[in-house]
J.: 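Below is a structure I'd like to ask you about.
To find a chain, count down the sequence lines: A is the first, B the second, and so on, and within it residues start at 1.
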4 protein chains.
Amino acid sequence: MPYNDKQLHILQTAEKLFAIRGYDGTSVRDIADKAGVNLAMISYYFGSKLKLMEALFEQRSLHIKMRVKDLLHDSRTLPIQKMEMLVDEYIDRIVEKQQFFKIMICEQVINKNPVIISLINELKLKNAEAITMIIKEGQKQGSFKKNIDVVLLMSTLVGTASQVMISLKYYREFNKLESITNKEFISLVTLKLRKHLKTIFKAFLLNE
Amino acid sequence: MPYNDKQLHILQTAEKLFAIRGYDGTSVRDIADKAGVNLAMISYYFGSKLKLMEALFEQRSLHIKMRVKDLLHDSRTLPIQKMEMLVDEYIDRIVEKQQFFKIMICEQVINKNPVIISLINELKLKNAEAITMIIKEGQKQGSFKKNIDVVLLMSTLVGTASQVMISLKYYREFNKLESITNKEFISLVTLKLRKHLKTIFKAFLLNE
Amino acid sequence: MPYNDKQLHILQTAEKLFAIRGYDGTSVRDIADKAGVNLAMISYYFGSKLKLMEALFEQRSLHIKMRVKDLLHDSRTLPIQKMEMLVDEYIDRIVEKQQFFKIMICEQVINKNPVIISLINELKLKNAEAITMIIKEGQKQGSFKKNIDVVLLMSTLVGTASQVMISLKYYREFNKLESITNKEFISLVTLKLRKHLKTIFKAFLLNE
Amino acid sequence: MPYNDKQLHILQTAEKLFAIRGYDGTSVRDIADKAGVNLAMISYYFGSKLKLMEALFEQRSLHIKMRVKDLLHDSRTLPIQKMEMLVDEYIDRIVEKQQFFKIMICEQVINKNPVIISLINELKLKNAEAITMIIKEGQKQGSFKKNIDVVLLMSTLVGTASQVMISLKYYREFNKLESITNKEFISLVTLKLRKHLKTIFKAFLLNE
DNA sequence: AATGAATGAGAGTTCATTCAT
DNA sequence: TATGAATGAACTCTCATTCAT
């Protein structure tokens, strides 16, 4: 679990390759070559290709949970403000961890590895719980609607962001933004996404 | 292009398998076995595994374009109603052609095959154009906001629906809907999605 | 089951190599190289290395059963004569199918593959049954002893012959028989073994 | 040669594994794991897997030679009695050192390692010499036959015992002896083997 | 037009061994 | 003296594709 530098480097390389070629489209040899390590090293460290993938998931899952603890006990912030903060933060994380999100999407589609699926579901559940608590707070205060479908709300958040992430190139071309740098483009998209989804959340959550 | 029955059967089988195992996770042998045809027949009919995939895309792309022609010249329907009709119809199509949408998602993530990517982009462009025309109509009439990001709007539509499609099992468990039949469940989800996305679209498009 | 010439050739080559290097000491590549066939051919024809081994066993098992049917209904031959004929014939077969017997010995020692072990046990059982029937006939006639341990008797036959087979070189050197040809040497050993084991059988079976 | 406790433990573990999985079927890692020692330690202590095997053979060979010295100068015991004592003792040793005998059998079959083969042959030669001396004594006294094939006699002894050892399970099932304990079963088999082979030896050695 | 047979290339994994410490 | 880390080589098996028929 506490991986050394070499192991972390392998994990990072694997993440990159899995994200752009898919799990089945990436060979252990590819990873070894790109990471500059011996082929046998990967089995030596992780046991197998599958275990490597699982290790990657366990490692990354930790970093993409919504952090909601501090928010909950903050009585000076309105529920809708809390929700907006959460949306902003989560979108940042999706943008930052694009590669891992891409892997997650494909793994959900293919739905082959139960270990990974359960890790994903656990993650979703945690996030849904976090959101639910804020929603309940908002409903108690009377500012939020009743009968909110949490999963649908989360799906809009994750789905929209994911869709944008996998269509970045198309988005750029469509809006004729080839002239700005990649970094600027990512910033722009992030801001747009944040605003877009916060608008949606507000429309979806608030009364009137 | 005018495929015979056997070819269509192979395409259909390939679609199924690509959707649940991914392109690289499906072997030509798998397809041949499941379709009950000779292994060599696939190369013989389609040239290669890659060409089979491309053939599948070309074939299916035709069926999932938004049909907007009739709507456009209908002056008795309000732009927002047209948009709602479009959303309903497209969601139905995503639900109906789940498998193909799953393949599309993975192919966009993996982004390996330029032929397929350009087919997808072409499709997106067509859909964006359709949407744009209705938006312009709405803006002209004054009921729609200005500065609407079409790609973001489409991403919300496709992304949310896709996300729900790949999380059906999770959605069902989360909402404790294991008792109803699968068909009923799909109907329920479709209705929910329709309502959800129409709400979002209205919030996003309409002034005030 | 009805193997073609190529398959039979592979089986024969595998038998040779398994006999002199052992199963684990022989690689599929070795077999392919020595048989002059493509490496993938072996998996193609037999499925796997293990299945190849099992196929070999099933094929060869057929050829090394004791043939006792005709003997049983022959009332003009004495039981002890029948037994002698059986011993002669079985020793011939052990000598002739040396390689396969060597594989059998190692497989019994290693005792890893249950399929093969059960094939061997089945073979032993068949042989024990054949022997038992003749023994019963001899006991009925009063010429054979009572309380004969069939397994011990068979173990002496098979064990002695096997031991000689795996020590042929030592046997030759010990008896300074390097001058005669290999064929002559084998004939000599066969005759010696026949006589030796028939003597033992007589001493073991006959009263007084 | 004077191995320390750890080395002896490794040798013992190796013997066990080589006996049940064969030399090629046992990995150095298997031995290290089962012995609870570091993997590199085996190469460090013994040089290589092959050298480990040879060390095992040299070590064990010492313990399985026939002990005949005291017998030879005992003039009060008849040659046939001496032979019977030898048979009893050797069978005990085969039963006791089953594992090593199994390894010996496979090594003879596979016949790959000349060092081991020569160790085995040396051992056989020593045993043959011991037997020969007693036979000569019996022939001198007139009680033994002339023209006795020592190797054939030894092959019957070793072969029969080995065959029984590698078929213990079959033997037990055939004779329906599953109810008694394993220890009792081994005792029973040992006694049977002793009696059986002494009978054979007498029939083979004595005049009339 | 259709297919059984065949194959080179590459997949993931394990191997015995070595080396720096 | 003893060992964790590392590795080149080899393993079995599957892959997409081709070719003779």
J.: Let me know which of A:Ile31, A:Asn4, A:Leu56, A:Asp5 forms a side-chain contact (heavy atoms from CB on, under 4.5 Å) with A:Ile10.
T.: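 Per the side-chain contact (heavy atoms from CB on, under 4.5 Å) rule, the option paired with A:Ile10 is A:Ile31, out of A:Ile31, A:Asn4, A:Leu56, A:Asp5.
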J.: Once rounded to the nearest 0.5 Å, what's the spacing between atom OH of D:Tyr23 and atom CG of D:Leu17?
T.: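 Spacing of OH (D:Tyr23) from CG (D:Leu17) equals 13.0 Å.
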J.: Applying the side-chain contact (heavy atoms from CB on, under 4.5 Å) test to B:Ile116, which of B:Glu58, B:Gln108, B:Met53 qualifies?
T.: B:Met53
J.: Please give, in whole Å, the distance from F:dA2 P to D:Lys6 NZ?
T.: 6 Å
J.: Do you see a donor-acceptor pair shorter than 3.5 Å between the side chains of C:Ser118 and C:Asn121?
T.: no
J.: Could you state the atom-to-atom distance from CE of A:Met41 to C1' of F:dG4 in whole Å?
T.: 10 Å
J.: I'd like to compare against my own output: the B/S/- annotation of nucleotides 12-21 of chain F with a strict under-4.0 Å heavy-atom distance to protein.
T.: BBBSSBB---
J.: Could you check how far CG of B:Asp33 sits from P of E:dT3, rounded to whole Å?
T.: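 B:Asp33 atom CG is separated from E:dT3 atom P by 14 Å.
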J.: Under 6.0 Å from the six-membered ring centre of D:Tyr45 and within 45° of its axis: does the NZ or CZ of D:Lys6 meet both?
T.: no
J.: Using whole Å, what does the distance between atom C1' of nucleotide E:dG12 and atom CG of A:Leu52 come to?
T.: 12 Å
J.: What closest approach, in Å, do A:Gln7 and A:Phe46 show between heavy atoms, and which atom pair accounts for it?
T.: O-CZ, 3.8 Å
J.: Using a 3.5 Å cut-off on both pairing distances, which stems of three or more Watson-Crick or G-U pairs include DNA chain E?
T.: E:2-21 with F:2-21
J.: Could you give the CG-to-P distance, from C:Asp5 to E:dA5, as a whole number of Å?
T.: 13 Å
J.: Can you confirm if the aromatic rings of D:Phe100 and D:Phe18 lie within a centre distance of less than 6.0 Å?
T.: no
J.: Would you mind reading off the distance between C:Arg21 atom CZ and F:dC11 atom C1', rounded to a whole angstrom?
T.: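 C:Arg21 atom CZ is separated from F:dC11 atom C1' by 15 Å.
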J.: Round to the nearest Å and state the distance from A:His9 atom NE2 to F:dA5 atom C1'.
T.: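 After rounding, the reported distance stands at 17 Å.
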J.: For the residue pair B:Asn113 and B:Glu107, confirm or rule out a side-chain donor-acceptor distance under 3.5 Å.
T.: no
J.: Taking atom CG of B:Leu119 and atom CE of B:Met104, what is their separation to the nearest 0.5 Å?
T.: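 Rounded to the nearest 0.5 Å, the CG-CE separation comes out at 9.5 Å.
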J.: To the nearest Å, give me how far apart CG (B:Asn4) and C1' (E:dA2) are.
T.: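 To the nearest whole Å, that distance equals 12 Å.
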J.: Counting the atoms with a prime plus P, OP1 and OP2 as sugar-phosphate, which does B:Phe46 contact under 4.0 Å by heavy atoms, base, sugar-phosphate, or nothing?
T.: nothing
